[in-house]
Amino acid sequence: MAVWLMKTEPDVFSIDDLVKAAKKTAPWEGVRNYQARNFMKTMEVGDLVYIYHSSCETPGIFGKAIVAKLAYPDPTAFDAKSDYYDAKSDPKNPRWFMVDVAFQEKLAKPLLLSDLKNYPELKDFTLLKRGNRLSVFPVQAPYFKVLEALSAH
DNA sequence: GCCAACGTTGGC
DNA sequence: GCCAACGTTGGC
């Protein structure tokens, strides 16, 4: 089982929105970055996903989800009315993909970015690396262990 | 293929 | 709102 982190702006889609979604499952639409897309294409059903809230008052990891469906074409790329529309994505050769994620849990104690920065063992964690803007990336085992330990407190 | 200009991300 | 960092675009 692989572990991932996916960012979302809670004003747009939050962990609470995932709780409220039908079957507590939602398509992770709107990713328009090739590296993030490529990571989603390698996800497997059952993989763990940390849900991170960005561009908000208190950025941090607020919950966990599970990959519920393998990557498939993101239909919003073909919808001219969507914010995520991409005229250059050909339906016959889709450019953008997404997975479905199913809610697993909200963290009793969120892992706030401001707190995570205090742990030297997370210094090289992708999330905390200078200039990191990637919205989907793998969480390596050592960092997974630290995050699990911290969220268990 | 280079690289300047531009757009986006995201913390603060 | 600011701005650093990064990705993408497009002229050459």
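Below, chain A is the first sequence line, B the second, and so on; all start at residue 1.
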Flag side-chain contact, heavy atom, 4.5 Å: [X] against [Y]:
{"X": "L134(A)", "Y": "F39(A)", "answer": "yes"}
{"X": "L147(A)", "Y": "F144(A)", "answer": "no"}
{"X": "V3(A)", "Y": "Y50(A)", "answer": "yes"}

Legend entry - Charged N-O contact under 4.0 Å between R95(A) and D74(A):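 Looking at D74(A) together with R95(A), the answer is no, because their closest N to O distance does not fall below 4.0 Å.
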
Legend entry - Nucleic acid contacts - residues 51-60 of chain A versus DNA chain B, non-hydrogen atoms under 4.0 Å: Y52(A), S54(A), S55(A), P59(A)

Legend entry - Polar side chain donor-acceptor pair, R37(A) to S135(A), under 3.5 angstrom: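 Not at all, the side chains of R37(A) and S135(A) share no donor-acceptor pair under 3.5 Å.
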
Hey, what do you get for [atom1] ([X]) to [atom2] ([Y]), rounding to the nearest 0.5 Å?
{"X": "D17(A)", "Y": "I51(A)", "atom1": "CG", "atom2": "CD1", "value": "11.5 Å"}
{"X": "L116(A)", "Y": "L128(A)", "atom1": "CG", "atom2": "CG", "value": "6.0 Å"}
{"X": "W28(A)", "Y": "M40(A)", "atom1": "CH2", "atom2": "CE", "value": "9.5 Å"}

Inset, instruction - May I ask you to check whether W96(A) and Y34(A) place their ring centers less than 6.0 Å from one another? - result: yes

Inset, instruction - Would you write the dot-bracket representation of DNA chain B, where each base gets (, ), [, ], | or . depending on whether it forms a Watson-Crick or G-U pair under 3.5 Å and with which partner? - result: ||||||||||||

Inset, instruction - Kindly assign one of parallel, tilted or perpendicular to the pair F125(A) and Y143(A), based on the angle between their ring planes and the thresholds 30° and 60°. - result: tilted

Inset, instruction - Provide the start and end nucleotides, 5' to 3', of the part of DNA chain B that has atoms under 4.0 Å from heavy atoms of chain A. - result: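 So the contact region on DNA chain B extends dG7(B) to dC12(B).
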
Inset, instruction - Identify whether any heavy atom of K129(A) sits under 4.0 Å from a base atom; if not, whether one sits that close to sugar-phosphate; answer base, sugar-phosphate or nothing. - result: nothing

